[in-house]
Amino acid sequence: MVKIGVFDSGFGGLTVLKEIIDKIPQASTEYYADNGRNPYGVRSRETIQRFSRQILDFLGTKGVDIAVIACNTATAASLPDVEPDYPFPIVGVVGAGAKGAVAATKNKRVGVIATEFTVRSGAYSRAIEELDPEIEVVGQPAMPFVKLVESGVTSGDEARAVVREVLAVLEDAGIDTLVLGCTHFPLLASLIGEVMGPGVTLVDPAEETAYETLSALTAMFPHEKLGRDAAVMSAEDSPAIHRYYTSGDPQVFARLGTAFLGKDIESVDGVT
Ligand code: DGL
């Protein structure tokens, strides 16, 4: 059975894993959450690359056929530098987010909320500009959102107040599209949507990332039936196995991860 490795600094990558399980129900997955070392978004490129390599090495030992960096920060810091060092292809999330933004914007003014590192790296500005040089990108760091999600606070007054405060600067930016440029942020999408209002389309790179992963796997395994259309069985009946690893507390991961994924996480291995 085809095996997909997925990693993030914490819970955010589950937003991508969810789409992968939905779109590629016949693949098993290995998900690594670096909860013990996040946030990545305030770290240096060198450190983030080192963490990415450690986790890719780990996923390699699990025999993955492809790896998905379900973290914008690690994608911006590590791809394409690390890819040549691995025997499997590596998919990131920034290209998918840029594609979604270009498809959604009408007034060619796009906001990107992300970690400090991702905004500073200019990865989104470059990726969007490559697709459409007329689009203006307004980047806004939103690190407090990572903390909210990591502590399981994704609704209610406390989260609403933080979201309002961080997004206030985008009020007069004239954007019609906002990229959720950190995989933790879709878990706050309803509050972000409420604050930005109906005139702003939110772009979540997760679904497009799952499709990119599916098309890479289809090219590698042309005879395997991988996609939802091709699958005879539904995701629920699939014999696929989904394993989880965290550098944080396995019990906390199982509890919050189950809530975020909307699917039972039965066993989590603690790793260092
Ligand atoms: N989920 C990560 C991303 O997509 C970042 C969270 C962190 O700062 O650790 O960028």
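All ligand and atom numbering here is 1-based and tracks the order in the structure. Keep in mind that this is a model prediction, so the values were computed, not measured. Quick note: numbers below take in every heavy atom, side chains included, and nothing from hydrogens, waters or symmetry partners.
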Provide the number and element of each atom of ligand 1 under 4.0 Å from a heavy atom of Cys182.
1 (N), 2 (C), 3 (C), 4 (O), 5 (C), 6 (C), 10 (O)

Report yes or no: does Arg126 contribute a side-chain atom to a donor-acceptor pair with the main-chain N or O of Ser121 at less than 3.5 Å?
yes

Thr183, any N or O under 3.5 Å of ligand 1 N or O
yes

Would you mind checking which non-hydrogen protein atom is closest to atom 1 (N) of ligand 1, with the distance to 0.1 Å?
His184 ND1, 2.7 Å

What atoms of ligand 1 come closer than 4.0 angstrom to any heavy atom of Met143?
8 (O)

Within ligand 1, which atoms have a heavy atom of Asn38 less than 4.0 Å away?
9 (O)

Do we see a donor-acceptor contact under 3.5 Å between the side chains of Thr105 and Asp176?
yes

Closer than 4.0 Å to some heavy atom of Tyr40 - which atoms of ligand 1 meet that?
7 (C), 8 (O), 9 (O)

Is the contact between Asp8 and ligand 1 made by the side chain, the backbone, both, or neither, using heavy atoms and a 4.0 Å cut-off?
side chain

Please name the pair of heavy atoms, one in Thr272 and one in Tyr32, separated by the smallest distance, quoted to 0.1 Å.
O-OH, 4.3 Å

Under the salt bridge (charged side-chain N to carboxylate O under 4.0 Å, His left out) criterion, do Lys99 and Glu208 qualify, and how do the steps go?
CA-CA 8 Å; Lys99 218 166 155 185; Glu208 177 60 24; 2.8 Å; yes

Kindly give the heavy-atom pair with the smallest separation between Val252 and Phe11, and that separation in Å.
O-CZ, 4.2 Å

Return yes or no for this condition: an N or O of Thr115 is under 3.5 Å from an N or O of ligand 1.
no

Starting from atom 8 (O) of ligand 1, locate the nearest protein heavy atom and write down its residue, its atom name and how far away it is, to 0.1 Å.
Gly41 N, 2.8 Å

Between Asp132 and Lys108, is the closest basic N to carboxylate O distance under 4.0 Å?
yes

Just need the protein heavy atom nearest to atom 2 (C) of ligand 1, so name the residue and atom and give the distance.
Cys71 SG, 3.2 Å

Quick one: does Thr118 get an N or O within less than 3.5 Å of an N or O on ligand 1?
no

Using a strict cut-off of 4.0 Å, indicate which atoms of ligand 1 neighbour a heavy atom of Asn72.
3 (C), 4 (O), 10 (O)

Carefully, step by step, assess Thr201 and Thr177 under the rule side chain to side chain donor-acceptor pair (under 3.5 Å).
CA-CA 5 Å; Thr201 304; Thr177 301; 4.9 Å; no

List the closest protein heavy-atom neighbour of atom 6 (C) of ligand 1: residue, atom name, distance to the nearest 0.1 Å.
Ser9 OG, 3.3 Å

Return the minimal non-hydrogen interatomic distance between Leu191 and Arg160, and the atom names on each side.
CD1-N, 3.7 Å

Are Arg43 and Phe51 in a cation-pi contact, defined as NZ or CZ under 6.0 Å from the six-membered ring centre and within 45° of the axis?
no

Can you report which non-hydrogen protein atom sits closest to atom 10 (O) of ligand 1, along with the distance?
Thr73 OG1, 2.5 Å

